[in-house]
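Report on one structure; see the data block that follows.
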Amino acid sequence: MPLLAGCGTRTQSSLAPESHAAKDIASLFWWMMGGAWIGLGLVVALLLWSWKRRNRRGIGTDTEGAKPGEKVAWSVVVGMGIVLPIALLATLFVISDIFVIRTTEAPAANATRLTVHVIGHEWWWEVRYPSNGAVTANELHIPARTPVRLDVTTADVIHSFWVPQLNRTIDAIPGRTNAIELYADKPGRYRGQCDEFCGLQHAHMAFYVFADPPAVFRRWLAAQARPAAKPTGAAAGAGEAVFLSGPCSTCHTIRGTPANGYVGPDLTHLAARTTLGALAIANTRRNLADWITSSQSVKPGNQMPDVAVGGKRLRALVAYLEGLK
Ligand code: CUA
């Protein structure tokens with residue numbers, strides 16, 4: 001039973017496909033799995049068969065000349081050991097390479113109505129929508145039932161972008177842009193994960209793809225392109241001053257303010273996201289305060305230092321960030 005412990009949840013499972021590409025990958029998996037079980041069954045059957053015949057007279061007692069059954073044995077070796085594997089592997093090659101690789105291929109540039117740029121960082125994902133200048137991180141939205149082209153690259157080391165329910169993996173390689181199609185059969189939230197070991201916090205380099213009904217998506221995208229909301233209330237106003245005068249603004253951008261750092265995620269609409277630190281923690285008031293003051297405890301080794309701010313200044317800062325809808 002512990003072997004099946006990971007099978008209960010259907011989030012982030014390539015065996016719970018929600019797109020045509022992921023369905024092709026899943027059926028390829030099941031065909032390969034079925035073939036492997038048949039192969040295993042054959043080998044076990046042969047073992048049992050030979051074990052049952054182990055006491056037959058004439059085998060193993062003399063070494064001269066052909067023994068009864070030896071010709072049969074050679075044809076079994078050639079048939080099962082050479083011909084069958086070649087036929088099986090060739091069939092699988094044709095299915096995977098000719099069919100599945102093609103059906104999971106990225107659409108040509110400009111062939112889709114929407115192209116999204118994804119840039120891997122240690123250890124988070126930058127997401128840009130060139131059509132209107134929207135920028136976000138770790139939570140990308142796409143319209144459901146609409147093919148979207150993703151151009152994927154990296155700002156540092158090799159990462160790999162993978163949403164198991166929607167498509168295969170695509171590597172983010174320095175100096176290169178690789179493309180993949182994202183398509184979701186129905187609206188929903190699909191979890192993704194960096195699929196290439198990239199350092200200390202590789203495991204905390206996750207992301208969500210939200211597939212929205214098209215009208216909801218259009219509203220979201222328009223909102224993400226707007227500059228940040230002006231702070232409302234005295235606390236949020238004071239928080240903006242803390243942000244702009246402190247270390248925050250050297251690493252983060254908030255569009256519509258002088259903060260234009262590019263080391264960490266764009267925070268213009270931080271409050272519209274559900275998580276912090278590439279899905280490390282939920283985006284709640286308490287977690288946000290913890291993240292600011294002790295992100296090295298929450299996600300050790302990440303690029304953000306613990307910020308020495310507390311009391312009233314911290315509460316103001318959190319109030320300001322929570323207003324960035
Ligand atoms: Cu990025 Cu693993």
Side-chain angles (χ1 to χ4, degrees), residues 9-27 103-119 124-152 161-170 179-194 206-229 255-256 265-276 278-279 281-284 321-325:
T9 165
R10 288 172 74 80
T11 54
Q12 203 180 299
S13 167
S14 44
L15 299 182
E18 292 292 352
S19 74
H20 63 90
K23 276 174 191 151
D24 284 345
I25 294 169
S27 52
T103 57
T104 58
E105 201 63 85
N110 303 321
T112 57
R113 273 191 294 177
L114 182 67
T115 297
V116 182
H117 294 173
V118 171
I119 301 133
W124 58 282
W125 299 94
E126 178 182 347
V127 182
R128 294 180 168 269
Y129 292 79
S131 58
N132 72 347
V135 184
T136 185
N138 305 320
E139 296 188 13
L140 66 122
H141 289 240
I142 59 170
R145 288 181 292 276
T146 310
V148 176
R149 182 182 147 109
L150 248 61
D151 283 342
V152 181
F161 181 97
W162 189 29
V163 194
Q165 287 183 281
L166 301 185
N167 209 337
R168 58 180 156 106
T169 71
I170 192 80
I180 195 158
E181 181 193 82
L182 268 197
Y183 181 97
D185 283 343
K186 55 176 198 259
R189 189 185 75 180
Y190 304 97
R191 195 178 193 279
Q193 167 70 43
C194 179
F207 57 96
Y208 282 136
V209 173
F210 290 88
D212 300 327
V216 174
F217 171 76
R218 280 194 295 275
R219 278 202 299 280
W220 176 87
L221 187 60
Q224 293 290 314
R226 284 196 275 275
R255 283 169 277 138
D266 183 301
L267 301 181
T268 309
H269 299 287
L270 174 68
R273 298 178 208 152
T274 62
T275 60
L276 300 169
L279 275 56
I281 48 176
N283 187 5
T284 64
L321 293 171
E322 282 196 314
L324 299 176
K325 293 266 159 53

Next on the checklist: Using the rule given for side chain to side chain contact (heavy atoms under 4.5 Å, CB included), can you reason through Ile180 versus Thr104, listing the C-alpha separation, both sets of side-chain angles and the distance that settles it, and then say yes or no?
Outcome noted: CA-CA 8 Å; Ile180 195 158; Thr104 58; over 6 Å; no

Checklist entry - Is there a side chain to side chain contact (heavy atoms under 4.5 Å, CB included) between Phe210 and Thr274 once you walk through the steps? => result CA-CA 11 Å; Phe210 290 88; Thr274 62; 4.2 Å; yes

Checklist entry - salt bridge (Lys or Arg N to Asp or Glu O under 4.0 Å) between Arg168 and Glu181: does it pass, once the steps are laid out? => result CA-CA 9 Å; Arg168 58 180 156 106; Glu181 181 193 82; over 6 Å; no

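Considering every non-hydrogen atom in both Cys194 and Phe207, the closest pair reads N-CE2, 4.4 Å. Pairing each heavy atom of Glu322 with each of Ala271, the nearest pair is O-CB, 3.3 Å. Ala211 and Ala184 make their closest contact through CB-CB, 3.6 Å (heavy atoms, listed as atom of the first residue, atom of the second, distance). Across all their heavy atoms, Thr112 and Thr115 have their closest contact at OG1-OG1, 4.0 Å. Nearest heavy-atom pair, Val127 versus Asn138, reported as atom, atom and distance to 0.1 Å: CG2-N, 4.2 Å. Closest of all the heavy-atom pairs between Leu279 and Ala206 is CD2-CB, 3.7 Å.
Among residue pairs with one or both ends in residues 209-220, those qualifying as side chain to side chain donor-acceptor pair (under 3.5 Å) are His141-Asp212, His141-Trp220; sequence neighbours excluded.
To the nearest 0.5 angstrom, Lys325 atom NZ is 13.0 Å from Gln224 atom CD. Here the straight-line distance linking atom CG of Leu182 with atom CG of Leu150 works out to 4.5 Å at 0.5 Å rounding. The distance from the CD1 atom of Ile142 to the CZ atom of Phe217 is 8.0 Å, given to the nearest 0.5 Å.
Annotation: side-chain hydrogen bond (donor to acceptor under 3.5 Å, both in side chains) contacts of Asn167 (sequence neighbours excluded): none. Residues passing the side-chain hydrogen bond (donor to acceptor under 3.5 Å, both in side chains) test with Ser131, sequence neighbours excluded: none. Contacts of Val135 classified as side-chain contact (heavy atoms from CB on, under 4.5 Å), with partners at least two apart in sequence or in another chain: Arg128, Arg255, Asp266. In this structure, the side-chain contact (heavy atoms from CB on, under 4.5 Å) partners of Asn132, at least two apart in sequence or on a different chain, are Tyr129, Ala134, Leu221, Ala225. Under the rule for a side-chain hydrogen bond (donor to acceptor under 3.5 Å, both in side chains), Thr146 has no partner lying at least two apart in sequence or in another chain.
Evaluated for a side-chain contact (heavy atoms from CB on, under 4.5 Å) with Gln165, the options Glu18, Arg191, Gln12 yield exactly one hit, Glu18. Each of Ile170, Val116, Thr169 was scored for a side-chain contact (heavy atoms from CB on, under 4.5 Å) with Val152, with one residue passing: Ile170.
The 12-atom threshold is exceeded at NZ of Lys23, counting heavy atoms of other residues, nucleotides or ligands nearer than 6.0 Å.
For the pair Arg113/Pro143, no side-chain contact is recorded, criterion being any heavy-atom separation below 4.5 Å from C-beta on. Side chains of Arg145 and Tyr183 form a contact here, defined as non-hydrogen atoms less than 4.5 Å apart.
A donor-acceptor distance shorter than 3.5 angstrom exists from the side chain of His269 to the backbone of Arg226, with no hydrogens or angles considered.
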